[in-house]
Every structure is written in C-alpha cells, then in structure tokens.
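Only heavy atoms go into these numbers, but all of them, side chains included; no hydrogens, no water, no symmetry mates. Numbering of ligands and ligand atoms starts at 1, following listing order. When a residue number appears, it is its place in the shown sequence, counting from 1.
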Amino acid sequence: MKKFTSRRVALQALTEIEEGARANDTLASFLASSGGELSERDRGFVTELVQGTTRMRRAIDHVLEPFLQRKLDSDVRAALRMGTHQLLNLGTPPHAAVNDTVAVTPRRASGLVNAVLRKVSTVDPQWPNEATRHSYPDWIWDLFIDTWGQDGKASLIAMNTPERPTPRPDGYIQGQASRWVSDEVDAASPGGGCIVDLCAAPGGKTTAAGCQWSSLFANEIDASRAQGLQVNIDRFRPGIAVVISDGSRAPFRGGSVDAVLVDAPCTGLGALGRRSDARWQVTEEAIGRLVLIQAALLDEAFRILRPGGVLSYSVCTVTRAETVEVSAQFQASHRELTGLALTGSHWRPHYPGGIVLPHDYGTDGMAMFQWKRQ
Ligand SMILES: C[S@@+](CC[C@H](N)C(=O)[O-])C[C@H]1O[C@@H](n2cnc3c(N)ncnc32)[C@H](O)[C@@H]1O
C-alpha cells in the first residue's frame with residue numbers, strides 16, 4: 001500500500017487539528033514530511049481537503065448530525081467530515097468520496113463511515129440559517145452583516161474560497177492586500193530614511209519595503225516568531241536589523257525615525273479564508289483587548305516618529321472597532337497629526353485611510369490609515 005495518498009495525509013492532518021493543533025502549521029508539516037511522494041496536484045488536493053474541511057466544519061456537522069448517535073473518536077469524526085466536505089462542497093462523485101474516504105478510515109470504524117457517508121450522499125441539506133450554511137459562528141456572521149450589510153455577506157462568502165497568493169518577484173509568497181499596504185508605506189515617504197516596522201514577524205511587509213530606506217528595523221515581541229522573521233530577512237532582504245521588544249515600549253529614541261509601520265495584532269477577521277481554523281478560535285471578547293494593544297502601539301509609534309515623519313497603521317480585519325474607531329481615537333488624541341490620502345484606487349476610502357473587503361478583489365480584507373506628524 002502506498003504510504004502517502006492525498007486522503008491519508010489529509011485525514012492524519014485533520015485528526016491532529018480535531019485534537020487542537022493549528023491548521024496551517026499542521027498542514028505545512030504534513031506536506032513537508034510527505035516529501036516528494038505527493039505530486040503538486042496531490043498537494044493541492046490535500047490542502048483543499050484540510051483547509052476546506054476545517055473551514056466548512058459548521059455546515060458539515062449540520063449535515064452529519066442526524067446520522068450520528070454517539071460521541072466519536074477524533075480520527076473517525078475527521079474521516080466523516082472529510083468525506084462530507086467532498087460530497088457537499090467539492091462535487092466529488094459519491095462513489096469516489098465514499099470509497100476513497102473509507103479506504104483511509106481506521107478499520108474499526110470503516111463500516112460506520114461507509115454507512116453514514118452513503119446516507120449523506122443522498123441528502124439535500126436544509127439550512128437553519130445563513131451562518132450555518134456558510135459555516136461561520138453566529139457572532140461573526142452577525143457582526144459582518146451589522147457592519148457591512150450585503151457587503152458583509154459577500155465578504156464572508158468570499159472568504160470560503162480564499163486567494164491563492166502568487167510569489168513576489170523575489171519569491172516571497174504574500175497576499176495582494178499586504179502588498180498594497182507596503183506600496184502605501186513607500187509612496188508616502190519618497191525620501192526614505194529610517195523606518196521601523198513595529199510588529200514585523202514573519203516579515204512580509206518589512207521585506208517588501210522599497211529601496212529608498214537607508215535603514216530598516218524589524219521589531220517583534222515574540223522571540224520565536226522573531227527567529228522566523230530573521231530567516232525571512234536573511235533570505236529575502238539581508239541587512240534589516242531585527243529587534244525583539246514590546247512595541248508599546250520600543251527601544252528607539254523619541255522623535256528619531258522617519259517612518260513607522262504598525263501592522264498590528266488584530267482579530268484577523270479579514271483573513272479568515274487564509275486561516276481556516278481562525279473562525280472557530282477567535283472570540284468577540286478579543287476585539288476589546290486588541291483595540292487597547294493597537295492604541296498603545298500607535299501611541300508609541302507617535303513617540304518615536306520625527307516631526308514630518310509618516311505613521312502607517314494596518315490590520316487584516318474589518319471590524320469598525322479595530323479600524324475606523326482606533327484611527328479616529330488616535331487622531332483625536334494627537335493634534336499634531338495630519339491625515340494622508342492613500343494612493344491606491346482599490347481602497348474604499350475611510351479618511352485618513354481605506355478598507356478593502358475580501359470580496360472586492362478576492363484578497364484578504366485589510367484596513368490601512370496614514371498620518372504625517374507636523
Ligand atoms: C499582523 S502580524 C504582523 C505581520 C507582518 N507585519 C507581516 O507583514 O509579515 C502582528 C505581529 O505583531 C506581533 N506583536 C503582537 N503584539 C506586539 C507588541 N506589543 N509589540 C511588538 N509586536 C507585537 C505578533 O507577534 C505578530 O508577529
């Protein structure tokens with residue numbers, strides 16, 4: 001028997017995710033350990049099975065629930081979800097979805113998985129609500145609809161078929177919306193000078209900085225993430241100095257730098273497609289906690305910025321609290337700031353910045369604001 005088949009690898013990864021492992025890390029490590037045994041196409045299929053099954057968990061469980069009477073072991077539940085995802089969302093022919101899933105199911109449960117998937121293959125799902133159908137927790141669904149109306153619904157649906165980013169010219173794989181942020185940082189400071197990226201790991205935006213900067217500092221609070229940051233800097237943009245510190249008490253002199261980027265920690269609600277398990281982990285309470293961190297980072301960025309310098313704030317989320325409200329609060333408490341207009345036409349204008357929703361261009365949702373210190 002072949003040791004690595006797409007479904008076998010996907011089922012092992014999904015079982016670990018069921019047991020609490022993080023989806024992106026788990027998938028990456030299984031793909032790495034399957035070495036050259038899987039073709040490029042197979043690796044794509046494993047990715048779809050793992051990410052899609054994780055993302056669509058609520059919808060899948062709704063369809064499975066009538067056929068399950070007892071609590072299941074995590075590997076059996078993972079097999080049922082993976083088979084149902086193929087039937088429900090991938091249009092896999094029923095005989096292939098059922099037989100090929102049963103073939104990789106632990107033998108003790110193959111009869112159960114076979115019987116349940118056969119029943120699932122005949123159902124026409126009835127959805128109790130849109131959140132179940134599109135597989136989001138109620139609070140995320142309601143927040144997007146309350147904030148953005150029909151655009152909120154379109155955003156959530158778009159995040160179920162996320163962007164597949166292409167590599168930059170230097171080979172770094174980065175989403176388009178993140179590239180737009182780096183473009184705005186560069187465009188606002190044509191004279192370059194010294195820039196500090198206050199929240200830098202894994203280094204996507206730091207390594208994308210334009211060539212006008214004479215010195216770049218990549219700051220990161222988390223030492224293990226800083227190691228990954230250093231690896232990316234060595235590979236894609238050698239010479240950037242890595243600093244490990246809490247960016248709300250950064251070791252830079254007051255008024256000393258020409259530009260600061262605060263690509264802040266956030267709920268990531270604009271990047272739910274790229275992080276398939278995030279919707280099941282992030283909580284509504286996190287918004288309030290993160291807003292405080294975002295405000296503290298902005299205050300510190302202001303402190304180290306020289307008069308005439310440019311401050312950029314970005315987050316891959318689209319909640320009002322973390323975007324326009326953080327921006328308005330910050331500007332109101334710092335009279336020496338003048339808002340700048342973003343140059344890219346893809347931003348929905350929200351002075352002094354803009355927001356891209358996930359369905360606008362099929363990218364992550366992203367928000368960005370920019371000021372000049374007088
Ligand atoms: C959105 S990510 C940054 C992504 C990065 N700019 C890029 O484009 O690849 C936010 C980062 O901020 C870091 N972080 C969180 N709180 C921080 C703090 N108080 N000071 C500095 N970094 C922080 C997180 O560990 C995380 O690596």
Side-chain angles (χ1 to χ4, degrees), residues 22 24-25 28 163 165 167-168 170-186 195-210 213 216-237 240-252 257 259-275 278 281-282 286-304 311-319 322-323 326 330 355-356 363-370:
R22 291 165 68 118
N24 284 357
D25 296 345
E163 177 187 17
R168 296 189 313 221
D170 65 359
Y172 191 102
I173 296 176
Q174 184 179 38
Q176 181 59 60
S178 290
R179 296 192 207 184
W180 287 332
V181 170
S182 298
D183 291 346
E184 297 292 348
V185 172
D186 287 346
I195 182 167
V196 175
D197 182 347
L198 219 43
C199 304
K205 297 187 187 68
T206 321
T207 58
W213 303 105
L216 297 95
F217 293 89
N219 183 77
E220 168 60 43
I221 194 170
D222 182 317
S224 71
R225 287 177 64 80
Q227 282 180 0
L229 170 65
Q230 185 70 64
V231 168
N232 281 334
I233 286 174
D234 291 345
R235 177 156 173 219
F236 296 100
R237 190 70 183 269
I240 297 175
V242 172
V243 179
I244 301 178
S245 85
D246 179 346
S248 63
R249 284 173 304 189
F252 298 95
V257 305
V260 186
L261 168 62
V262 179
D263 187 37
C266 68
T267 51
L269 291 177
L272 293 177
R274 182 156 51 83
R275 302 190 192 123
Q281 290 162 353
V282 65
I287 298 174
R289 182 175 53 77
L290 286 158
V291 160
L292 297 178
I293 296 171
Q294 291 153 0
L297 288 164
L298 281 172
D299 285 344
E300 183 66 353
F302 178 81
R303 183 189 71 77
I304 67 177
L311 199 171
S312 303
Y313 171 67
S314 58
V315 277
C316 60
T317 189
V318 295
T319 65
E322 297 170 275
T323 60
V326 163
F330 176 58
I355 295 179
V356 171
T363 65
D364 282 354
M366 189 72 73
M368 173 162 199
F369 302 86
Q370 247 180 0

Select one of side chain, backbone, both or neither to describe which atoms of S245 lie under 4.0 Å from any atom of ligand 1, heavy atoms only.
backbone
Going by distance only, is there an N or O of C199 that falls short of 3.5 Å from an N or O of ligand 1?
yes
Side-chain donor-acceptor contact under 3.5 Å, E322 with T267:
yes
Would you please name every residue forming a side-chain hydrogen bond (donor to acceptor under 3.5 Å, both in side chains) with T323, sequence neighbours left out?
none
May I ask you to check if ligand 1 and D263 share an N or O to N or O distance below 3.5 Å?
yes
Does R22 use its side chain to pair, donor to acceptor, with the backbone of R275 at less than 3.5 Å?
no
As an exercise, identify every atom of ligand 1 less than 4.0 angstrom from a heavy atom of D246.
18 (C), 19 (N), 20 (N)
The one among R179, E220, E300 that brings a heavy atom closest to atom 25 (O) of ligand 1
E220
Atoms of ligand 1, numbered as shown, that sit under 4.0 Å from any heavy atom of N219:
21 (C)
Distance, nearest 0.5 Å, that separates CZ of F217 from OG of S245:
11.5 Å
At what distance is the nearest protein heavy atom to atom 22 (N) of ligand 1, and which residue and atom is it?
I221 N, 3.4 Å
Donor-acceptor pair, side chain of R303 and main chain of A250, under 3.5 angstrom
yes
With backbone taken as N, CA, C and O and side chain as the heavy atoms from C-beta onward, which portion of A264 lies under 4.0 Å from ligand 1: side chain, backbone, both, or neither?
backbone
Would you check whether A201 has a nitrogen or oxygen atom less than 3.5 angstrom from a nitrogen or oxygen atom of ligand 1?
yes
Determine whether a donor-acceptor pair (N or O, by modelled atom type, separation under 3.5 Å) exists between the side chain of R168 and the backbone of R179.
no
Show every salt bridge (Lys or Arg N to Asp or Glu O under 4.0 Å) that has at least one partner inside residues 259-274, sequence neighbours left out.
K205-D263, R274-D364
Is the closest side-chain donor-acceptor distance between D197 and T206 under 3.5 Å?
yes
For atom 15 (C) of ligand 1, closest protein heavy-atom neighbour
P265 CG, 3.4 Å
Does the Y172 side chain pair with the main chain of G204, one donor and one acceptor, at a distance under 3.5 Å?
yes
Under 4.0 Å from any heavy atom of G204, which atoms of ligand 1 are there?
7 (C), 8 (O), 9 (O)
S178 heavy atom under 4.0 Å from ligand 1
no
With rounding to the nearest 0.5 Å, note down the distance linking CG in L290 to OG1 in T317.
9.0 Å
Give me the nearest non-hydrogen protein atom to atom 20 (N) of ligand 1 as residue plus atom name, then the distance to 0.1 Å.
G247 N, 2.7 Å
Any heavy atom of L198 sitting closer than 4.0 Å to ligand 1?
yes
Just let me know how R225 lines up against ligand 1, side chain, backbone, both or neither, with a heavy-atom cut-off below 4.0 Å.
side chain
